[in-house]
Amino acid sequence: MTVLDPHLIQLAILSPVIAIALLFIVRRFGREVTSCVAFLGFAVPAGIAVYLAILFPSAEKLDGYAYLSDYATGLEHLGISLKLGLNGISVGLFLLAGIVGLAAGIYALQADADKRESYWMLLLVMQAGLMGTFASVDIFFFYFFHELALIPTFIMIGVWGGAGRRSAAMEMTIYLTLGAMLSLLGIIALYMQSDLASFSMIELRGYLASKPLSIIAQNNIFGLLLFGFGILVSLFPFHTWAPRVYAAAPTSAAMLHAGVLKKFGLYGLIQLGAPLLPAGAVAWSSWVVWLALGNIVIIGFVAIAQRDLKQMIGYSSVMHMGYCFLGIVCFSMIGVGGAVLLMIAHGLSVALLFLLATCVYKRTGTYDMFEMGGLCKKAPVLAAFFIAATMANIGLPGFANFWGELSVFVALWEYEPWVLFPAALGVVISAIYGLRAVARIFFAQPTEALGASFESGSVTDLSWPERLPCIVLIAALLLAGLFPSLLSDSIEEGIESAHYTLSHQELSTAQVALSQPDSL
Amino acid sequence: MTLEAYKNLADSNNWLLLWPEIALGITALLLLAVEWVLPRERCKQVVPAIALAAQGLLLAFVAFSLFCSDFTHLGVSFAGLIKQTQLTNLMRCFFLLSSFFVTYLALIYFKREKDTPQTEFYHLLLVVTASMMLFVQSNQFVLFFVALELVTVGFYVLVSYSRNHVSSLEAGLKYLILGALSSPMLLFGIVLVYGIAGNPNLIGHASDPLNFQQIEHFLLADPTGNPYMLLAVVLIFCGIAFKIGAVPFQIWIPDVYQGAATPVTAFLAVASKAAGFMVLINLLRGPFAPLSETLLPFISAIAAVTILFGNITALTQRNTKRLMGLSGIAHAGYLLLGVAASIKVEWAVGAVVFYLFSYLLGSFAVFGVMSLLGSEEGDAWQTLDDYENLRTTHPFLATVLTLGLGSLAGIPPLVGFVGKFLLFVAAFQAKLYGLLAVAIIGVVISIYYYFGWIRSAYFRSWDLTSEEGGSIAKQKLASIHCFVLGLVALAVIVFGVYQASLSNYLF
């Protein structure tokens, strides 16, 4: 099978596209056929992702990348070609994209939106883009696939979104295009400065490890990448688009966007920013620490203040990105590895939360938590899932998030102990808003209107089409939580092969810089 | 000159090299002859068919001869009047392709405007296309000016062609006056060049001071530079800036684009602009190459202002044709960025041409949808509000429109993104960092109006009930339109992912 494995990656990217083409043809054949085709479009990439992730530790690797393939598309004179492959860092995110895509897809299949097929098609475009983003070894295509996944959300939010969709869709697109353009500029700058005339991550890493760029160039390029990617990841204070968009987006789009697409920026910093521009990363690290603490503490408090359930989850997802940033700037195996693990775990848990929030909405008719209550009696399974997802989000042992946060904390202790205190405060904050939401929604006294609708028996527990995606996500969270080595071994291998600079010399420079933020 | 010399010059006349232009000219005359012979009703069917078939065949042949390079002879001919390169041959394909699309748009247009005579329109279209093809191949200022004037005069008529519409006449008048302003500027520049380069008192003066190579030699011989020469170059640049719609010669664009019939608008937007850019590159890399470093700040400044002007004025625009015009100014700015980069970076020329192709595909997708949605009272007053609910009335057109606008905005995986990406890489390599920053800001601004248009077409507005649509009635599209627009949309995607068929000829 080893000969076929590279083609499996292509199939994972192509199968949603093929499903779209088939949907055009079979759209008149009734719902069973179309849902079946769309389901395959989501399931095949997920299956391939699982298969490749299982085989990954034993696969044959070149510079840490397995399943490599290379296709010329006509821009070879610039060093661009469609190079696909997975390394230890990307294999986990590839898996995440597959699993969350499957869950979002299953949920979308039972949605009763008008023009269902168009919705599925856009979601499939997004899925293809996501699979491609994390499988790209070529930086051009890495960016290309990300944008491919990003743009369908504009139409999905605008057409199928909730309140405020018109302006939210526009705001998101402009804001994220700004971020994407800055990072594109950074990528072009990296390409130009390296003199290598290649967009391949493997070649750039090898080349820049032996011939690092000048300090000034590294600082400037890392700055571009940091703020470009930072906007895409909702780094404080560029986070304002995120909660609004997630509140307005249709469920499956929000799951894929918050769960997977947003990780693109962090992934870019981990795969490109930190290993290729170590001096730049060190110089900017004190900025990152302060901004990430802004994410954790300030946005944490903002999340506590939310009444709207979806807004709260949106802010919570912004908040947890802070830990990932902190993990990256620790410049240690455990810190970066923890950040990757947390990205995967958070992707699963936030997708689950958005899904469950919609389920809650369907039963209560509102997102305002102060008007909910007593849902536990009527929908115990929903309550169980929601509590589990909240626990995962807080970072309770047993879920994957725990290992991610723990590793980041350990790395912080080695890096700069004082940062640990505000960072650990974040756990308390997320416990406050998470548990309060659970208490409000499920155990509080229901309002009169809600009580009446409960009485009438119209409120039911989760249906199977709703349970299925939840089970997929919870299972993945628990599996990674109970056996973190499944992921962490390959992540460790990936970081080692990515030419990370983890020396203490640079670390001490970073500490000097951190103690004198004014000198920057 | 002796008879012998004339004979030598005449020997370099290889008429076969200009067969596409000659064929276009003959077809144009044939159309007029057909109108004499055939009755009026019959004429309305035959003339467009001939025009379409001739352009299609020519396009196929020129493209074929380009791919099999045995048939093409590259180099200077006609005693230095014509210079053919790989790039000019590609541009000939470009003009044929765009006139082909314009003919298609005209078919849609004349279906609605039954009273307007048709033959002259196609005749002019073919003549203008042929002269654009000559224009980009010209290697001497006399031919250059004659070809340019042929294009411009043709457009004077085409812009005011819909004489039943006041807006078209107004547009024609505006175009005429401003065009008449720009031509003398260009001519004055040419005369200055002639006078200086031909001055026997100056070192290295030329025997034929209008020939591009000789001007280049003259300029190389006198590296200190002549201030009048610089003035001449700037004047010539201004004349071309009018064609491409660069600030401060962009002021005619919104009115003329709005008033002209949609096929003419598309022709102006795509082909006329492309001709201007190609010639600009020819000049900057040919005769004025020794001065190009001096001109770089000048071009950069114009590019920056053009990008900002186009994008900012387009922000609040609701009229679709004016919006296309104003955003076209922004595109001219990006292209100027590429031209500025091409002064230092060799392959930036390819990037500019690639961008022109991407602009052609994106624009024609949008103009095609615009034409098909046009109403009886003319397209001049079509606004974004008319697109409300297009998704439910014409899902196919909405998709094509989205792809076209997305490509113009530069969104992967569409061809416009690759075009912008190549320009940006070239600009970075040329170290035009400030200009690049302006371009990036421009792209971000442009998202607002391009996606605003998509938003109009897709998102149901709050004041529409679910049943009530915009002003567009639901109607069945003819399958030919689905086919043509589907092909354009497909090309927008395919060239966005796989560029080899174009890039092999550009880089």
Query - B/Phe421: which of A/Phe140, A/Tyr143, A/Tyr191 passes ring pair (Phe, Tyr, Trp, His ring centres under 6.0 Å) - result: A/Phe140
**Report entry** Part of A/Leu78 lying under 4.5 Å from any heavy atom of chain B
**Finding:** side chain
Query - Under 4.5 Å from any heavy atom of chain A - which part of B/Phe417 - result: side chain
Query raised in the report: Got B/Tyr448 and A/Thr173 here, is their nearest side-chain heavy-atom distance under 4.5 Å?
Result: no
Requested in this report: Please flag which part of A/Leu184 lies under 4.5 Å from any non-hydrogen atom of chain B: side chain, backbone, both or neither.
Outcome: side chain
Query raised in the report: Is it the side chain or the backbone of A/Met181 that comes within 4.5 Å of chain B heavy atoms, both, or neither?
Result: both
Query raised in the report: Do you know which of A/Glu147, A/Met192, A/Glu76 has the most heavy-atom pairs with chain B at a distance under 4.5 angstrom?
Result: A/Met192
Report task. Walk me through it: do B/Val444 and A/Ile174 pass the test side chain to side chain contact (heavy atoms under 4.5 Å, CB included)? Result -> CA-CA 6 Å; B/Val444 175; A/Ile174 294 176; 3.9 Å; yes
Report task. Give, for atom NE2 of A/His77 and atom CG of B/Leu422, the distance between the pair rounded to the nearest 0.5 Å. Result -> 6.0 Å
**Report entry** Audit row: B/Ile411, A/Leu148, side chain to side chain contact (heavy atoms under 4.5 Å, CB included) steps and yes/no
**Finding:** CA-CA 8 Å; B/Ile411 301 296; A/Leu148 174 64; over 6 Å; no
**Report entry** Portion of B/Ile441 that has a non-hydrogen atom of chain A nearer than 4.5 angstrom
**Finding:** neither
Query raised in the report: Between A/Ile151 and chain B, which part of the residue has a heavy atom less than 4.5 Å away: side chain, backbone, both or neither?
Result: side chain
Report task. Nearest 0.5 Å please: distance from the CD1 atom of B/Ile440 over to the CG atom of A/Leu178. Result -> 9.0 Å
Report task. Could you look at B/Ile445 and say if it's the side chain, the backbone, both or neither that has a heavy atom under 4.5 Å from chain A? Result -> neither
Query raised in the report: Which atoms of A/Leu82 come close to chain B, meaning under 4.5 Å heavy atom to heavy atom: side chain ones, backbone ones, both, or neither?
Result: neither
Query raised in the report: Take atom CG in B/Leu315; do more than 12 heavy atoms of anything else shown fall under 6.0 Å from it?
Result: yes
Query raised in the report: chain A heavy atoms under 4.5 Å from B/Thr399: which part of the residue, side chain, backbone, both or neither?
Result: neither
**Report entry** Nearest non-hydrogen partners of B/Tyr498 and A/Ala72, listed with the distance
**Finding:** CE1-O, 3.6 Å
Query raised in the report: With a 4.5 Å heavy-atom cut-off, do A/Leu75 and B/Val418 have their side chains touching?
Result: yes
Report task. Could you check B/Phe424 against A/Leu185 for side chain to side chain contact (heavy atoms under 4.5 Å, CB included), going step by step and ending with a plain yes or no? Result -> CA-CA 8 Å; B/Phe424 289 173; A/Leu185 211 56; 5.7 Å; no
Report summary line: In short, B/Arg455 meets A/Phe154 closest at the heavy-atom pair CB-CZ, 4.3 Å
Query - Smallest separation among heavy atoms of A/Phe144 and B/Gly496, with atom names - result: CE1-O, 3.6 Å
Report summary line: If one checks every heavy atom of A/Ala169 against chain B at 4.5 Å, the contacting part turns out to be side chain
Query - Closest approach of B/Phe451 to A/Met170 (non-hydrogen atoms, all atoms of both residues) - result: C-CE, 3.6 Å
